[in-house]
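To start, the structure under review is shown below, and the notes come after it.
Values in this document were obtained by computation on a predicted structure and should not be read as measured data.
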Amino acid sequence: MFQQAIENYLTTHHFDKLNLKAVLFDMDGVLFDSMKNHAAAWHEAMKQYGMHLSPEEAYMHEGRTGASTINIVSTRQRHREATEEEIKEIYQTKSDIFNSLPKAERMPGALELLNQIKEDNLIPVVVTGSGQKSLLERLNRNFPNIFKGELMVTAFDVKYGKPNPEPYLMGLQKAGVKANEAIVVENAPLGVRAGVAAGIFTVAVNTGPLPDKVLLDEGANYLFRSMSDFSKNWKDFYQAIK
């Protein structure tokens with residue numbers, strides 16, 4: 001089953017082989033079970049400013065910059081983009097609500113998968129739209145001795161967020177690998193689109209409420225139902241690549 005997906009990818013991109021050296025991970029909804037908090041925070045923040053963004057729709061916007069999400073909703077409901085001041089205020093409100101919610105736990109299966117990836121001498125890279133200053137500290141606390149600061153792409157590193165391929169192209173650059181030497185692990189439609197646009201084999205893990213079809217329609221090369229599912233199947237998946 002894995003072999004067919006790999007062959008399809010190689011044929012599409014005219015590569016001879018998938019020579020895996022690095023794994024590029026999205027963070028929210030992949031490493032941490034945090035998307036439900038983000039969705040709730042977006043919904044409540046928009047409500048406070050007289051706009052509506054359902055928690056379900058928030059999942060569809062996952063991976064965008066905060067400014068982009070705000071402008072999409074503002075344009076739709078107020079028929080204009082938000083001012084810089086409004087963006088700053090709304091996003092701060094969203095962040096305050098998010099930070100008031102119980103801390104998101106590590107996604108089940110994520111540590112087990114990362115440990116296997118390290119054992120196979122592959123480079124783990126975080127590619128996130130988050131701009132939290134304490135990101136590396138939080139990752140190190142939950143995933144000891146896995147991630148390095150120089151192997152992270154955050155909101156501070158890029159001009160364009162997902163679905164633009166820039167974050168994943170920068171992830172390749174930081175890891176020192178080519179598109180056919182990495183895979184992307186994503187849970188969000190826009191993140192999947194970004195990974196595919198970067199020419200990287202993209203694995204979707206459906207850890208949220210969206211139908212599988214939404215992720216597959218964005219071009220995911222393979223889909224797992226959870227990070228635990230991916231972790232259990234890692235050895236067979238990696239063997240198919242080799």
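At least one side-chain heavy atom of M107 sits less than 4.5 Å from a side-chain heavy atom of T207. Looking at heavy atoms from C-beta onward, K148 lies out of side-chain contact with V125 at the 4.5 angstrom threshold.
Remark: side-chain polar atoms of N164 are not paired, donor with acceptor, to backbone N or O of Y160 under 3.5 angstrom. Between the side chain of S228 and the backbone N or O of P108 there is at least one donor-acceptor pair closer than 3.5 Å. Judged by distance alone, with hydrogens and angles left aside, the side-chain atoms of N140 form no donor-acceptor pair with the main-chain N or O of N145 at under 3.5 Å. In this structure, the side chain of N206 engages the main chain of L210 through a donor-acceptor pair within 3.5 Å. Under the 3.5 Å distance criterion, the side-chain polar atoms of H43 are matched with a main-chain donor or acceptor of L53. Put simply, the side chain of S74 gets close to the backbone of R80: a donor and an acceptor are under 3.5 Å apart. When atom types are taken as modelled, the side chain of K162 and the backbone of V127 share a donor-acceptor pair closer than 3.5 angstrom. Listed for the N71 side chain is a donor-acceptor partner under 3.5 Å among the backbone atoms of A82. Using a distance-only test at 3.5 Å, with no hydrogens or angles considered, no donor-acceptor pair links the side chain of E62 to the main chain of L190. No side-chain donor-acceptor contact under 3.5 Å links E150 to the backbone of K174.
For the residue pair N142 and E105, no side-chain donor N or O sits within less than 3.5 Å of a side-chain acceptor on the partner. Side-chain polar atoms of T93 and Q48 form no donor-acceptor pair below 3.5 angstrom. Side chains of Q116 and D120: a donor-acceptor N/O pair is absent below 3.5 angstrom, by distance only. Q92 and D96 share a side-chain donor-acceptor pair at under 3.5 Å.
Rounding to the nearest 0.5 Å gives a distance of 12.0 Å between NZ of K159 and CE of M170. Interatomic distance, CG of L31 versus CG of L114, reported as 6.0 Å (0.5 Å rounding).
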Run the numbers on K47 and E44 for salt bridge (charged side-chain N to carboxylate O under 4.0 Å, His left out), then give the verdict.
-> CA-CA 5 Å; K47 191 162 75 172; E44 181 56 35; 3.5 Å; yes
Run the salt bridge (charged side-chain N to carboxylate O under 4.0 Å, His left out) check on R78 and E86 step by step: do they pass?
-> CA-CA 13 Å; R78 303 192 298 188; E86 286 172 331; 3.4 Å; yes
Start with the C-alpha gap between E186 and Y168, add the side-chain angles, then the distance that decides, and say whether side chain to side chain donor-acceptor pair (under 3.5 Å) holds.
-> CA-CA 11 Å; E186 263 285 357; Y168 280 115; 2.7 Å; yes
Step by step, would you call F201 with Y222 a ring pair (Phe, Tyr, Trp, His ring centres under 6.0 Å)?
-> CA-CA 8 Å; F201 187 97; Y222 200 85; 7.7 Å; no
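Of the residues listed (I183, N221, L24, L215), the one engaging T202 in a side-chain contact (heavy atoms from CB on, under 4.5 Å) is N221, and it is the only one.
In this pair, F143 and F147 present their aromatic rings perpendicular. The plane angle is above 60°, beyond the 30 to 60° band. Ring planes of Y9 and F15: tilted class, angle from 30 to 60°.
The pair E181-K17 does not count as a salt bridge, with every side-chain nitrogen at least 4.0 angstrom from each carboxylate oxygen. Ion pairing of E57 with R76 is present here, as a side-chain N (NZ or NE/NH1/NH2) and a carboxylate O approach within less than 4.0 Å. Using a cutoff of 4.0 Å between basic side-chain nitrogens and carboxylate oxygens, R225 and D229 are not scored as salt-bridged.
Other residues, nucleotides and ligands contribute only 12 or fewer heavy atoms inside 6.0 Å of the CD atom of E85.
In this structure, E218 and R193 approach most closely via the heavy-atom pair OE1-NE, 3.0 Å. Smallest separation of non-hydrogen atoms from A175 and L151: CA-CD2, 4.0 Å.
With a 6.0 Å cutoff to the six-membered ring centre and a 45° limit on the axis angle, R138 counts as a cation-pi contact of F32. For the pair K88 and Y91, the cation-pi criterion (under 6.0 Å, within 45° of the ring axis) is not fulfilled.
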